[in-house]
Colleague: 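Below you'll find the structure I mean.
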Amino acid sequence: MIRHFFILNRLGAMQFKNKLKVNLTERPLTTIGLTIMGLGFFGIYLMLCYWLLRFIYFQDVYGVLLTTKLIQILLYISVGISLVSSLTTAMAHLYLSRDLEFHFNLPVGFHTWILHRFFQIYIQSTWMLLLFGSPIIWLFFYFGEAPVLVNLLGIFIFAVLSSFPIFIASILCMLLVKIFPARRVHQVFLVLTVVIVSCLVLIFRALEPEKFLGPGGLDEFRGFIDLVNMESQSWNPAVWAYHAIAALSQKAWSQVWWPLGKLLTVFGLAIGLFLLAANKLYRSSWDRALQSLSGEGDLKAPDAKISRFNQLLSHPRWSQEAREILLFFRDPSQWSQIFVLAALLGLCLFSLTKLPLNPFGSTRYQMALAGTSMVDFICLSIASRFVFTSFSADGQAIWLMKTAPEGWVRFMRSKLIVFGVPTITFALLLMLLSGVIMDLTPSQLLVVGLHCLWDAGVLVLLALALGMLFINPGVENPIKLIVSPGGVLLMATGFFITGIHVFLRFSEAVPEFNVLLMKIKWPDVQDGRAAYYYAGLILIEVTALFLLSRRGINHLRKGDFS
Amino acid sequence: MIELDGVCKSYQKFKAVDNLALSVPPGIVFGFLGPNGAGKTTTIRMITGILEPDEGRIEIFGKSFKKHRNYILNRMGYVPDRPFLYGKLTCMELLRFLGSLRGISGPEVKKRGMNLLEQFKLGPFANQLVERLSHGMKQKLVLSAALLHQPDLLIVDEPMVGLDPRAARQVKELIRGFADEGKTVFMSTHTLEVAATLCDRVGIIHNGGLITNETIPNLTQRLETRDGDLESVFMALTQEQEDEAIPQ
């Protein structure tokens with residue numbers, strides 16, 4: 001069993017190695033460049049974590065306690081994030097993967113196989129969390145001068161905790177696919193979306209991030225400590241993990257065993273429950289969703305709903321856009337995510353109403369300018385999910401475009417109109433509604449609106465260009481592309497660009513902030529000097545985006561995607 | 001109709017097509033044969049504009065792709081070896097969409113599309129999602145899509161794959177009828193029986209280069225093969241090449 005488990009996992013490792021080899025041979029510069037960029041990004045992250053955590057940890061009196069609270073927040077959030085990301089990954093790996101038939105014909109025991117698949121879901125859903133979360137735990141123990149074994153035990157506890165959401169997500173998927181009739185997979189997606197939205201609400205409202213800005217927040221230490229009150233949640237594995245890590249850091253060994261024991265016992269029970277669910281639910285329904293989604297040869301299904309809208313498919317100007325819209329709304333894995341976006345919009349606006357704002361308009365305006373960073377982040381996430389993946393979502397049917405007497409610019413235009421424009425509109429709507437809630441004057445609203453338009457426009461066009469350059473029509477599920485090299489590049493570049501935008505506009509609006517930034521060689525942008533920088537940035541961005549898009553179109557034209 | 005001269009295409013170090021020169025006159029069914037990995041599909045992809053050659057010249061209807069892409073594609077229909085289509089569109093929607101890309105009006109597409117679907121026995125499935133069709137039905141749908149704009153040149157890559165005997169016969173008749181109207185068919189196939197019965201002329205490609213381009217009677221006569229059929233010719237020609245490739 002163990003041998004088979006490792007052989008199955010080696011299959012994935014070999015595929016990864018071969019992919020890397022091919023990339024290094026075929027695109028050496030891009031691969032090496034991306035690797036250096038990724039390592040650089042991770043290096044900067046480690047450095048920031050080191051400086052920040054050291055600063056907090058060595059504060060007089062409350063330093064260690066404050067850091068412990070940070071670890072508590074990290075553990076709490078990681079469970080939520082892990083649950084959100086693992087739901088779609090579990091669905092993709094357990095039911096929508098194309099290799100299922102191949103695997104079910106292998107001479108490997110079912111339990112070995114399902115545990116291997118669980119491991120795949122776990123790695124796919126939590127690798128980022130583990131990569132970025134583990135250094136924080138490591139540093140926490142490092143500052144406490146704990147032995148290496150204790151460090152490793154701390155990370156092990158974090159890894160075990162991160163696996164609980166995967167168990168929940170996998171069992172939930174098995175249950176849903178078993179309950180719903182084969183042709184109702186869209187209902188499964190709907191339920192999953194509701195669960196994701198609930199998780200979002202839970203994370204957001206439980207943490208109440210707006211309190212960080214209030215007088216009871218970071219300004220007053222006691223207020224901050226009260227923010228995360230998980231002591232009452234004795235049922236929560238995150239609390240057990242926190243207790244075990246806190247006891248380890250204090251070298252209170254006798255207090256480690258009880259929470260750690262609870263954590264490991266529940267982990268064992270979760271494995272048992274997962275195997276039971278796999279036996280009772282998954283074994284008899286593993287091909288259900290796949291059949292229903294592809295439905296090949298199922299000609300008894302009723303005709304597709306035809307509306308007047310589909311007449312647009314014959315329209316000489318709008319046929320591409322009509323095709324995009326039809327494909328989007330007929331794919332449950334696509335449209336169901338609109339609910340998540342709506343929930344995000346609602347949550348953000350609700351949190352804004354709770355902001356402790358003073359009656360002076362200038363603070364509100366500065367807050368709104370800072371808020372563009374939040375809108376940018378949401379816009380970047382939407383652009384990566386919908387705009388960036390839109391070219392690859394055409395799949396291997398892209399040969400139809402390559403043999404059609406139509407320019408690639410029009411193809412790109414359809415992606416821009418169907419995916420890009422709604423993303424920009426969403427960002428603008430979020431920004432303007434936030435502005436209205438914050439009682440901004442019309443002129444202030446106009447300024448933040450224009451800033452938002454600029455950011456969202458750049459992000460959408462960047463996502464489009466990178467989507468063309470990193471097109472992968474063979475991918476099973478476009479969601480996977482978000483963590484592909486192209487997706488990571490988009491995220492990193494997007495963060496970088498919007499970071500500069502936000503810093504520039506904030507240092508223009510707040511002289512104290514500008515003075516602070518000037519200490520790290522940031523230019524003086526006061527007294528109207530910011531205009532030159534805005535103009536320069538716009539020029540650079542327009543040129544870069546034009547060149548990238550041209551390169552992307554050339555790539556579509558010349559590439560072999562069959 | 002189709003002119004290729006000195007065409008090369010490489011994938012990294014592998015030369016898929018090597019200095020290929022080929023001429024296909026109008027009004028015939030041209031069979032493009034070759035063993036697996038010989039370069040047939042790569043050549044077809046270059047002829048249809050999906051791939052650009054690394055070197056050489058390709059002219060269709062006497063015009064090059066670089067300058068007259070839309071003109072060529074408006075007069076050409078293509079059926080690939082694997083019928084990947086937009087699964088979430090219905091058959092008729094797919095035809096509507098492809099028709100609009102070629103400037104055919106909605107009512108005209110509906111009329112022509114329905115005729116073609118009926119011809120291929122797909123009429124009852126006009127409003128079914130493409131993803132629900134079987135492989136063979138998808139193949140027939142692609143053929144309908146390729147014929148929708150009434151092209152003068154039809155490029156077909158492995159047309160019989162996945163078709164039942166009845167549908168295969170229908171496709172053969174269609175291809176023959178298409179050529180009899182004075183139009184041209186460029187067809188790649190592994191089924192030598194299909195090539196022997198349908199093609200006016202065959203080209204055999206091996207290791208990226210064309211080793212022959214003649215009519216079948218000429219070919220069998222010249223090579224004086226034991227059985228005098230296309231299969232023996234194919235075996236003899238590709239074997240010769242294999243023997244030349246083996247270092248002494």
Colleague: Only pairs of heavy atoms separated by less than 4.5 Å count here; which of A:Leu312, A:Leu327, A:Leu400, A:Thr25 has the most with chain B?
Modeller: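 It is A:Leu327.
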Colleague: Taking A:Lys415 first and then A:Glu324, would you say they form a salt bridge - that is, a charged N and a carboxylate O separated by under 4.0 Å?
Modeller: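 Looking at A:Lys415 and A:Glu324, the cut-off is met.
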Colleague: Under a 4.5 Å heavy-atom cut-off, does chain A meet the side chain of B:Tyr11, its backbone, both or neither?
Modeller: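 B:Tyr11 touches chain A through side-chain heavy atoms alone.
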Colleague: Taking B:Lys40 for its side chain and B:Pro35 for its backbone only, find out whether a donor-acceptor pair lies under 3.5 Å.
Modeller: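 Here the side-chain-to-backbone pair exists.
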Colleague: Is the shortest side-chain N to carboxylate O distance from B:Lys110 to B:Glu108 below 4.0 Å?
Modeller: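 Salt bridge absent between B:Lys110 and B:Glu108.
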Colleague: If I measure from the heavy atoms of chain A, does B:Leu94 come under 4.5 Å with its side chain, its backbone, both, or neither?
Modeller: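 Only the side chain of B:Leu94 comes within 4.5 Å of chain A.
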Colleague: Between the side chains of A:Arg413 and A:Glu321, is the shortest nitrogen-to-carboxylate-oxygen separation below 4.0 Å, so that they form an ion pair?
Modeller: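 Here A:Glu321 pairs with A:Arg413 in a salt bridge, since their nearest N and O are under 4.0 Å apart.
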Colleague: Relative to chain B, which of A:Arg317, A:Arg323, A:Lys402 shows the most heavy atom pairs under 4.5 Å?
Modeller: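 Highest number of heavy-atom pairs under 4.5 Å: A:Arg323.
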Colleague: Measuring heavy-atom distances to chain A, does B:Ile72 have an atom under 4.5 Å in its side chain, in its backbone, in both, or in neither?
Modeller: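 Contact with chain A is absent: no heavy atom of B:Ile72 under 4.5 Å.
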Colleague: Could you tell me whether B:Arg169 and B:Asp164 make a salt bridge, using a distance below 4.0 angstrom between a side-chain N and a carboxylate O?
Modeller: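 Here B:Arg169 does not pair with B:Asp164 in a salt bridge, since their nearest N and O are not under 4.0 Å apart.
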Colleague: Checking B:Val142 against chain A: side chain, backbone, both or neither under 4.5 Å from a heavy atom?
Modeller: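 Contact with chain A involves the side chain of B:Val142 alone.
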Colleague: Highest number of heavy-atom pairs under 4.5 Å with chain A: which of B:Ala145, B:Pro80, B:Gly77?
Modeller: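 With the most close heavy-atom pairs to chain A, the winner is B:Pro80.
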Colleague: Kindly assign one of parallel, tilted or perpendicular to the pair A:Phe386 and A:Phe419, based on the angle between their ring planes and the thresholds 30° and 60°.
Modeller: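 A:Phe386 vs A:Phe419 ring planes: parallel.
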